[in-house]
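Remarks on the structure that follows.
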Amino acid sequence: MRRRHFGYQDKVLLLQHGCTELLALAQRRGAALHKLLSGSSIFAQDLHKPLGRLHHTDWLMLLQNCRQQVNSPELPYLLGSALLNSRYISLCQSLQYAKNLRQALKQLYYFRHQLFPCFYARLYQQQHCIVLEFKPALGLANQQAFMLTALCALLLGLIKQQLGTLDGISLQLQQSAESPALQQQLFGGINLSFNQVADSISIPLALWQQEFNHANAAEFNAARRTCRQLNRVLPPQRALPERICRLQRRALPQLLSQEQVAAALGLSSSSLKRQLSQHQTNFAGLLDEVRRDAAQQLLQQGHYSNRQLALKLGYSDEHNFRRAFKRWTGLIPSSFKGLFNFN
Amino acid sequence: MWRQHRYKMLFSLLLLLTGLLLAVNSGNAKHSNAFDALDILGEGTTLLVAIGWLGLIISSRPAGRVTEWLYYGSLLLVYSYFLDLLDEFIRYPEHIRLMSWLESLPAPVGMLILTYGLVGWHREQRAINRQLRGRELFLRDHQLIDPLTQLYGIEYLQAVLQREIELHQSQHKSLSLLVLNIDNFAGFNRRHGMAAGDTYLSRLSELLSSQLRHSDVVCRYAGDRFIAVLPNTALKQAQIMAQHLRQQLAQLADAEHEPMLTLAEMAVQQHSAQAALQQAATVMAQAKTAGTVKFQPS
């Protein structure tokens with residue numbers, strides 16, 4: 001049976017898909033290669049092997065080393081744009097030849113295991129914008145903000161390059177702003193807000209169908225073919241926490257027990273527990289997250305009473321739901337709704 | 001240099017004074033035949049040396065994080081040695097342990113803080129060695145230096161500009177800014193690769209800081225934008241400097257005249273750094289649209 005999810009120690013990342021770019025950037029900023037690689041299981045001579053791989057433990061180690069050795073807040077932005085323009089990543093090449101943003105993002109999402117297995121996204125429409133909400137698919141420890149910034153820099157770089165404008169795009173980040181003025185500059189002056197309830201980017205509907213500057217169907221198909229070939233070495237797999245969250249989300253208002261989820265994933269309950277602890281999370285925590293996201297989404301979309309929400313989210317009564325909501329956001333549901341409508 | 005540390009000095013004097021008062025209050029003076037000359041000499045010398053360190057730090061270091069560590073570490077040492085010396089002259093009753101604690105505790109803590117400050121100083125010095133003159137003004141924080149261009153970034157610029165604006169306005173002098181933008185730098189990066197872009201940036205910053213005067217400071221405002229603060233410079237002078245820079249920058253461009261640069265100058269009349277930087281952005285936008293100011297390095 002084909003394994004559908006990967007673990008922390010599975011080598012699912014290609015060195016060429018980010019690692020070499022990051023190392024080159026850090027080295028040009030005065031860091032020594034042996035210090036960047038220390039603590040990881042990567043060898044300097046493997047770096048230029050075309051299909052060399054690494055696992056997430058190494059990647060997180062590498063990120064941490066880079067941030068320790070190189071004190072440059074623009075590093076994630078540079079990584080994002082370096083990835084976008086890399087000649088070795090056929091996925092990014094294909095993005096640039098796409099017909100429009102819709103096709104490009106579809107492509108990126110379909111092949112995301114080749115570039116950003118650490119995030120998954122959810123789409124919904126809000127007034128005149130489509131909102132992309134990013135969720136971490138695995139435990140990223142304290143590197144989540146870095147990776148998210150790299151991803152956003154890649155997306156915004158693509159839009160800016162192909163459509164020539166970033167008008168109307170806004171970015172909401174959960175992280176707190178370290179230096180807001182600098183971030184604003186680095187993101188190219190888009191509408192940026194920090195300390196939000198979710199990491200999301202909202203793109204006006206008009207931009208989705210606008211044709212890309214370098215749209216080229218033949219090139220796009222060729223690049224996509226290369227991506228498909230790469231799938232043979234790097235089969236589409238998702239991280240375990242993402243799979244669990246999806247299962248739970250689909251099952252709502254029913255709540256799956258740990259045993260049920262483990263059975264659905266073909267794992268034993270104890271190995272599920274062990275693997276989750278590698279991601280620095282646990283089953284109850286994931287379920288809580290799923291319910292939080294679902295609650296926020298429902299509140300943003302429609303007018304539900306607390307009782308209806310409690311039913312939809314599998315709470316036994318509305319008081320429990322209210323208490324949980326207050327724990328997540330610090331607000332009671334009605335004032336959260338008010339906050340949202342006001343915006 | 002010591003003028004930057006006036007509050008710190010006042011605070012230290014007060015601290016020592018409270019130590020003295022506390023000692024006088026809680027103990028009685030010894031008889032002169034109970035004095036131990038050798039002890040007084042030894043402890044007096046250590047106190048003098050520690051005070052000397054404090055003086056050196058104050059007179060040689062600009063305000064900043066590392067200076068704080070060094071200063072407060074030494075201050076704790078001075079405090080401890082001061083009380084140590086005092087007890088040669090004053091006898092405390094047996095039941096009051098406070099004075100002996102105050103005497104012995106601050107010294108090791110101060111040593112640790114001082115050591116931490118020295119490590120910071122070492123790192124800072126390494127960062128500075130790579131950095132040329134003309135890149136900083138009055139504040140020093142090596143964590144704000146961009147490792148690629150060895151220039152300070154936006155936060156430093158805001159701090160420096162705010163201070164310069166206040167200084168210049170109180171003295172009725174004129175302050176100017178030079179704004180340099182690399183046009184379509186993302187495109188350049190895309191065509192020539194990130195490595196070429198990085199090389200270009202470091203060459204450009206090298207050239208900028210070597211072509212400006214020592215009193216000027218160049219900062220990297222954003223990925224592709226540099227801003228130079230020109231203290232004590234009227235707009236006329238700034239225009240001449242901009243003209244000169246344009247000629248010098250021409251040698252950086254490659255065979256295809258890439259990337260294009262836009263250079264604009266402005267006089268600062270705003271009362272805050274924020275407003276001045278906004279104005280700089282507008283000036284740059286105007287310069288970009290008006291073809292006259294744009295120049296093609298050849």
Side-chain angles (χ1 to χ4, degrees), chain A residues 18 20-32 36 66-89 92-93 95-96 153-154 156-164 166 177-189 213-214, chain B residues 120 123-124 126-127 129-131 141-159 161-162 179 181 184-203 205 219-227 273-274 277-278 280-282 284-285:
Chain A
T20 43
E21 273 86 2
L22 181 66
L23 287 173
L25 281 169
Q27 277 180 285
R28 287 200 295 272
R29 278 158 185 74
L36 292 174
C66 276
R67 295 173 71 179
Q68 237 163 39
Q69 299 293 321
V70 183
N71 173 31
S72 175
E74 58 170 358
L75 209 55
Y77 305 87
L78 295 174
L79 179 64
S81 59
L83 286 177
L84 178 62
N85 296 319
S86 167
R87 283 180 292 123
Y88 299 106
I89 310 179
C92 291
Q93 302 262 302
L95 294 184
Q96 304 189 8
L154 184 140
L156 293 173
L158 178 72
I159 297 173
K160 174 100 186 166
Q161 187 182 311
Q162 296 299 334
L163 301 178
L166 289 176
E178 269 174 40
S179 51
L182 179 68
Q183 305 251 350
Q184 193 89 42
Q185 284 296 329
L186 287 170
F187 270 126
N213 284 339
H214 299 106
Chain B
R123 293 212 179 117
E124 183 197 59
R126 271 199 316 199
N129 286 345
R130 281 181 279 153
Q131 193 196 17
D141 189 344
H142 70 280
Q143 296 197 322
L144 297 181
I145 298 176
D146 171 38
L148 178 69
T149 56
Q150 302 299 328
L151 295 178
Y152 277 116
I154 183 168
E155 284 157 2
Y156 185 86
L157 177 69
Q158 278 169 344
L161 192 58
Q162 188 63 46
V179 192
N181 192 68
N184 195 9
F185 189 54
F188 179 81
N189 267 336
R190 182 161 173 244
R191 280 189 297 279
H192 300 270
M194 221 61 183
D198 280 351
T199 318
Y200 181 80
L201 278 178
S202 55
R203 281 176 61 204
S205 63
C219 293
R220 189 167 175 216
Y221 183 61
D224 54 358
R225 186 166 295 187
F226 295 82
I227 290 186
Q274 194 110 39
L277 290 177
Q278 266 170 15
T282 341
M284 179 42 71

Between A:L25 and B:M194 the two heavy atoms that sit nearest each other are CD2-CG, 4.0 Å
Using non-hydrogen atoms only, which part of A:L84 is less than 4.5 Å away from chain B: side chain, backbone, both, or neither? neither
Under 4.5 Å from a heavy atom of chain B, the part of A:A82 involved: both
Please indicate whether B:R191 has more than 12 foreign heavy atoms, meaning atoms of other residues, nucleotides or ligands, lying under 6.0 Å from its CZ. yes
To check you understand the geometry: which heavy-atom pair defines the closest contact between A:N71 and B:P147, and what is its length? O-CD, 3.4 Å
For the atom pair CD (A:Q27) and CG (B:D198), what is the distance rounded to the nearest 0.5 Å? 12.0 Å
For the candidates B:A195, B:G197, B:A281, B:G223, which exhibits the highest count of non-hydrogen atom pairs separated by less than 4.5 Å from chain A? B:A195
Name the region of B:Q158, side chain, backbone, both or neither, that has any atom closer than 4.5 Å to a heavy atom of chain A. side chain
